[in-house]
Amino acid sequence: MAMEHLRWRPTVNERDFIESALQSDLRVDGRRSFDFRRLKIAFGREDGSSEVQLGETRVMGYVTAQLVQPYRDRPNEGTLAIFTEFSPMADPAFDPGRPGESAIELGRVIDRGLRESRAVDMESLCVIAGKHVWSMRVDLHILDNGGNLIDAANIAALAALSTFRRPECTVGGEDGQQVTVHDPEVRDPLPLTIHHLPIAVTFAYFGEGNVVVVDPTYKEEAIMGGRMTATINLNGDVCAIQKPGGEGVMSSVIMQCLRIASVKAADITSKIKNAVDSYTAEKALKKVKRLPASVPQKINVPDVTMEDKGDGELERQTVKTLSYVQQISKGDPATMVEANNHEDAKLMLTESNTEVKSTSGSGAAGESDEAQEVRSPKSLKGAVKPKHKRKKKKSDRS
Amino acid sequence: MGNTRVIAAVYGPREVQNKGQQVNSSEALVRCEYRMAEFSTGDRRRKPKGDRRSTEISLVIRQTMEASILTNLMPRSQIDIFVQVLQADGGTRSACINAATLALADAGIPMRDIVTSCSAGYLCSTPLLDLNYIEDSAGGADVTVGVLAKMDKVTLLQMDAKLPMDTFENVMGLAIEGCKAIANYIREVLLVNTKQLECQRG
């Protein structure tokens, strides 16, 4: 614990000031006893990365997945591991390298809240029982320590897990044992199945355990007598509690804290859900926005070409939708012609047609799907196409 | 506690060995180390100390005992608590805290109150007291409570797995009662021990 002496120590004046203010129910930053600081959730460019700002505390969460062999006693469940990094830029007391006690405690509290309460469905992460499962890894980086790291890190982990998309994989091969992981460009990656969101709420005790505040700041944490972190979800289930010693409190105070925590948890759950929803909506919109809007009249030209190339009633019926979709997906006459040229293989065409037919009625929301579906025959053909044409398509897609 | 065997050793108050660790010169420094012997669990353990679970439990035990030791009576000194698990059958945390309390009392270190700890769980809609390893790994809830017996204050509270709030209240109440029963037993044992020491002194 060489870092202990670097930890900021409050002066006697500060300690007295904060404590006497708390005796009269006032907090130094103007909040009431049971108020959280301002919460801001932002997402990164990739799926599964989040940055949470709770007052002055900033934590970044990042989720990755990997195919591994499962544990021997749990052959059909995926795994979830939480790694914390207490970077020295967050607090001069943090040592680079080996995690200190508080880092390990934070990791274990969040781990207990997520894993033991079965927030993330592990069985859906199984690909081949006993051989391949998805192993989720959540990395939490503390960027700035403004107090109450556990709550902020928990929200970051939940936000990252909610927006994470894992690649789709299919089991195939001769013996049914071969696993092919699909590129996210080929097949849409899948979200995780999250049953509930366990929210951590930290309480700090002062005095003889009779003054309680929620979400302590850095200074309050340095002065507090004890703390308790309650992880509660929206249904009122207590997922985990951590009160690592410190000031003793009456059990009635603990039950009261749990009730307050469930109210706060509902509030924060709604905030997380709103942020995640707006992010996913924005991302879906971005997918469609990339493809420029098209004018329906242009269909005639590709229509003619399509009818020439295609054969069979099925194709003619769906030709209009296909070309319209192609219009959207390409929007570039050069590539469109190219795309038409690619409709040589009938097998691919009927495949894409049936796909498009099923999704054609879904309207604007389904456009991205259609574009995706149309893109899949593109990429399949790309495997057959000469190199220079393939390169052009790839640059187009990005 | 049942099949769980734990041994605790307390050294101190003695001079602070690592001046860098001494944060508050008006209070004693409490250090704690929790170790599990390699032979304590079913399969031989690879890393007896330094792994995350042991570090967390060391931190928890240290802070629990700190709440009870009158550290301001022994400034600039250090109290070391070493706890070793010889045989683990569930509830090792609680056994360690009880052992540490006994060791501290035997060492004559001034404390506010006796800290006792007990675990409780919830399986098949029944609250159970003092889970063993099989009951613990059954997947139900596991609540570990540490109380200051006479003052009726909860110092340590740890819970994992999901529990609705009212069920949790029941389980916590049961664990607190268990702690109080242990506290009575510990008090009796300490009295017997002190009487023996008195006899030996003559």
Side-chain angles (χ1 to χ4, degrees), chain A residues 1-7 9 73 82 84 98-109 111-113 115-119 195-196 198 208-209 225-233 235-255 258-259 261-262, chain B residues 18-24 29-32 50-68 97 112-113 115 117 137 139-148 151-169 171-173 175-176:
Chain A
M1 282 198 305
M3 59 185 199
E4 280 300 317
H5 66 284
L6 293 170
R7 185 178 276 275
R9 265 185 287 156
D73 52 344
I82 311 257
T84 54
R98 259 190 101 236
E101 276 181 338
S102 39
I104 292 178
E105 193 194 356
L106 186 136
R108 279 185 64 88
V109 168
D111 186 64
R112 274 212 294 266
R115 193 212 303 244
E116 303 279 339
S117 65
R118 313 213 187 282
H195 296 301
H196 62 98
E208 291 292 312
R227 84 177 133 86
M228 178 171 92
T229 303
T231 310
I232 297 198
N233 71 0
N235 307 332
D237 297 326
V238 183
C239 300
I241 297 191
Q242 171 88 347
K243 184 186 187 300
E247 195 66 54
V249 291
M250 315 286 297
S251 51
S252 53
V253 173
I254 292 186
M255 293 316 297
L258 288 181
R259 272 172 230 125
S262 63
Chain B
N18 189 355
K19 286 286 165 67
Q21 282 184 8
Q22 187 184 36
V23 174
N24 204 345
L29 173 74
V30 179
R31 285 199 319 156
C32 176
D51 69 322
R52 293 154 74 97
R53 183 175 168 271
S54 300
T55 321
E56 194 211 347
I57 298 184
S58 303
L59 167 82
V60 160
I61 297 180
R62 187 189 88 225
Q63 290 188 309
T64 310
M65 305 322 294
E66 252 182 341
S68 153
I97 291 178
R112 276 191 194 95
D113 198 350
V115 186
S117 166
S137 35
D142 178 22
V143 178
T144 307
V145 174
V147 292
L148 294 164
M151 292 163 72
D152 199 12
K153 286 199 167 177
V154 176
T155 328
L156 167 71
L157 179 56
Q158 281 190 309
M159 194 201 98
D160 53 6
K162 231 175 8 164
L163 266 191
M165 221 187 292
D166 10 342
T167 327
F168 170 73
E169 202 172 346
V171 174
M172 189 172 77
I176 293 178

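Heavy-atom basis, side chains included; hydrogens, waters and symmetry copies ignored. Proteins come first, then strands; the chains are lettered A, B, ... in the order of their sequence lines, and each starts at number 1.
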Quiz prompt | Residues A:Gln242 and B:Glu56: side-chain donor-acceptor under 3.5 angstrom | solution = yes
Quiz item: Side chain, backbone, both or neither: which part of B:Gln158 has a heavy atom under 4.5 Å from chain A?
Solution: both
Quiz prompt | 4.5 Å side-chain heavy-atom contact, A:Met250 and B:Lys153 | solution = yes
Exercise. Measure distances from B:Ile61 to the heavy atoms of chain A and classify the residue's part below 4.5 Å as side chain, backbone, both or neither.
Key: neither
Quiz item: What's the spacing between A:Ile104 CD1 and B:Asp51 CG if we round to 0.5 Å?
Solution: 8.5 Å
Quiz item: Heavy-atom distance under 4.5 Å to chain B: side chain of A:Ile254, backbone, both or neither?
Solution: side chain
Self-check item: Most chain B-contacting option - heavy-atom pairs closer than 4.5 Å, from A:Gly246, A:Ala103, A:Ser117, A:Gly226
Solution: A:Gly246
Self-check item: Greatest number of heavy atom pairs closer than 4.5 Å to chain A - which of B:Leu163, B:Val147, B:Val60, B:Asp142
Solution: B:Leu163
Exercise. Could you look at B:Met165 and say if it's the side chain, the backbone, both or neither that has a heavy atom under 4.5 Å from chain A?
Key: both
Quiz item: Which region of A:Arg115, side chain (C-beta onward) or backbone (N, CA, C, O), has a non-hydrogen atom less than 4.5 Å from a non-hydrogen atom of chain B, or is it both or neither?
Solution: neither
Quiz prompt | Atom of B:Met159, atom of A:Arg112 and distance for their closest heavy-atom approach | solution = O-NE, 3.9 Å
Self-check item: Between A:Glu247, A:Arg108, A:Glu105, the one whose heavy-atom pairs under 4.5 Å with chain B are most numerous
Solution: A:Arg108
Practice problem: Determine yes or no for a side-chain-to-main-chain donor-acceptor pair under 3.5 angstrom, with A:Lys243 supplying the side chain and B:Thr155 the backbone. | Solution: yes
Quiz item: What heavy-atom pair brings A:Glu116 and B:Ala161 nearest, and what distance separates the two atoms?
Solution: CB-N, 3.5 Å
Exercise. State, to 0.1 Å, how close A:Asp237 and B:Pro164 come at their nearest heavy-atom pair, and which atoms those are.
Key: OD1-CA, 3.6 Å
Self-check item: Rounded distance (nearest 0.5 Å) linking atom CG of B:Leu157 with atom OG1 of A:Thr229
Solution: 10.5 Å
Quiz item: Any side-chain heavy-atom pair from B:Arg62 and A:Glu101 closer than 4.5 angstrom?
Solution: yes
Self-check item: Per-residue contact mode, A:Asn233 against chain B (heavy atom under 4.5 angstrom)
Solution: side chain
Self-check item: Separation of B:Glu169 CD from A:Leu258 CG (nearest 0.5 Å)
Solution: 8.5 Å
Quiz item: Which heavy atom in A:Gly107 sits nearest to a heavy atom in B:Arg52, and how many Å separate them?
Solution: CA-NH2, 4.2 Å
Exercise. With rounding to the nearest 0.5 Å, note down the distance linking OG in A:Ser102 to CG in B:Leu59.
Key: 8.0 Å
Exercise. For residues A:Pro244 and B:Leu156, report the shortest heavy-atom separation together with the two atoms involved.
Key: CA-CD1, 4.3 Å
